[in-house]
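Reviewing the structure listed below.
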Amino acid sequence: MRIAIEKNAKILALFAIACTAVVGLTYELTKGRIKQQEQQELLSTLHAIVPDDAHDNDMSAHCISVNDPLLGANEEQIAYLATKNEQPIAAAITTIAPDGYNGKIHLIVAVNVDGSISGVRTLKHKETPGLGDKIELRKSDWIKDFSGKTLEQLLSNRWAVKKDGGMFDQFTGATITPRAVVKAVKNTAAYFNKHKTTLFEQTNICGADE
Amino acid sequence: MKLNEEYKELAWQGLWKNNPGLVQLLGLCPLLAVTSTVANALGLGLATLLVLVCSNATVSAIRQWVPKEIRIPIFVLIIAAFVTCVQLLMNAYTYGIYQSLGIFLPLIVTNCAIIGRAEAYASKNPIKQASFDGLMMGIGFAAVLVVLGAMREVLGQGTLFDGAHLLLGEWAKTLRIEVLTLDSQFLLAILPPGAFIAMGLLIAVKNAIDDRAAKHQPQVEEQSIERVRVNFES
């Protein structure tokens with residue numbers, strides 16, 4: 001009996017080691033490529049919301065960690081900073097719209113130093129397919145409406161969906177989702193305008209690859 | 001000759017008679033959840049196929065060394081290892097599909113079709129047959145996924161192969177077909193209830209075809225074949 005248990009335990013351990021080795025090996029082989037893919041995804045998003053010719057630094061390598069109730073939740077967010085000749089140009093801040101129809105909507109909002117919106121993209125969401133998912137660029141151009149909106153528009157009471165008397169379209173059958181996004185963009189811009197002088201002085205946490 | 005017969009039988013079982021999706025009704029959770037487009041369905045189908053072939057081959061290769069009492073944990077270990085590898089590979093090479101499949105990629109581990117084949121067939125048969133069985137079962141499952149994905153995508157969005165370039169590379173952008181122009185999307189088809197209804201229709205169609213075939217040749221007696229049906233308490 002004891003011998004049988006010992007034998008089985010040994011066999012099981014051997015298989016566990018072998019399987020872990022295979023997974024470890026695959027991880028080692030794909031690690032670089034996965035990181036590269038994630039980096040590329042980040043770069044193309046940043047490129048889409050902050051024009052390349054506006055700044056001369058590598059945004060993906062210059063970022064700071066931020067945390068503020070205006071950014072939707074008590075979670076660490078990342079702000080990627082754009083500078084030209086060392087002068088602040090814009091910041092792309094990841095943020096959360098906490099009141100989506102189906103939980104949190106993760107966004108990245110780029111704000112220029114003059115307070116205007118440079119661009120917005122949806123990073124992750126669980127909104128209803130076919131209704132609320134029009135906040136994705138793949139489904140609709142709606143999210144591009146934010147690009148180029150000025151500080152005055154941001155502060156006016158028309159910064160809302162049309163149903164609330166504002167200037168942004170809502171979707172047929174889905175008002176909650178765009179409302180949440182519109183509000184989150186406004187809050188993020190407000191956060192940036194309040195803190196923009198200090199943001200660019202914080203220590204860079206992205207830096208060069210180790 | 002006998003071997004040929006066996007391969008034929010395995011193919012027939014996997015693709016039609018004992019199809020994991022339509023007859024065994026295994027792995028319904030990913031089947032219903034990710035089939036909102038053909039591209040997603042194909043991505044999950046191929047991932048499942050790959051895991052099924054690899055796990056069947058491995059389980060068959062080690063069948064002499066595995067004591068009966070601990071076979072299930074070992075099968076689970078092997079399957080989980082292969083799923084993790086496939087997940088890492090898809091993360092590295094098909095990033096877009098990896099993102100849209102989300103949690104359902106690691107959930108392949110819990111697909112009963114895979115451990116079912118390991119237990120019912122691969123653990124008792126030589127490597128070649130076991131791999132072939134995995135291949136056929138995998139193709140059967142992937143085919144159901146793709147058909148379901150196509151039905152829902154055409155009805156829901158009016159397109160076919162939307163987003164196929166995420167899986168197959170840039171050239172696949174030309175595959176996208178606008179079948180119907182819809183002013184607004186047909187929500188029922190995209191949401192989970194649509195998946196259940198479409199799945200029910202598919203099973204009904206399969207049963208109708210089987211009934212018809214049975215009526216056309218009533219004189220042929222049912223051959224006595226080894227049942228490879230899974231009786232798993234999962």
Would you say Leu105(B) and Met90(B) make side-chain contact, with heavy atoms under 4.5 Å?
yes

Between Leu12(A), Val22(A), Thr172(A), who has the most heavy-atom pairs with chain B when the cutoff is under 4.5 Å?
Leu12(A)

Leu191(B) versus chain A, heavy atoms under 4.5 Å apart: side chain, backbone, both or neither?
side chain

Based on non-hydrogen pairs under 4.5 Å, which of Lys31(A), Gln37(A), Lys7(A) is most in contact with chain B?
Gln37(A)

Measuring heavy-atom distances to chain A, does Tyr93(B) have an atom under 4.5 Å in its side chain, in its backbone, in both, or in neither?
both

With chain A, the option among Asn91(B), Ile78(B), Thr58(B), Asp162(B) that has the most non-hydrogen atom pairs under 4.5 Å is Asn91(B)

Proximity breakdown for Thr128(A) and chain B, heavy-atom pairs closer than 4.5 Å:
side chain

When only pairs under 4.5 Å are counted, which of Pro73(B), Pro67(B), Ala92(B) shares the most heavy-atom pairs with chain A?
Ala92(B)

Okay, Glu38(A) and chain B: the region with an atom under 4.5 Å from a heavy atom over there is both

What orientation do Trp159(A) and Phe146(A) show, parallel under 30°, tilted 30 to 60°, or perpendicular over 60°?
tilted

Measuring from atom CG of Leu123(A) to atom CD of Glu136(A), what distance do you get when rounded to the nearest 0.5 angstrom?
11.0 Å

For the residue pair His195(A) and Tyr191(A), categorise the inter-ring angle as parallel (less than 30°), tilted (30 to 60°) or perpendicular (more than 60°).
tilted

Would you say the side-chain atoms of Ser147(A) pair up with the backbone N or O of Gly119(A), donor to acceptor, closer than 3.5 Å?
no

Exercise: do Ser36(B) and Glu153(B) side chains pair donor with acceptor under 3.5 Å
no

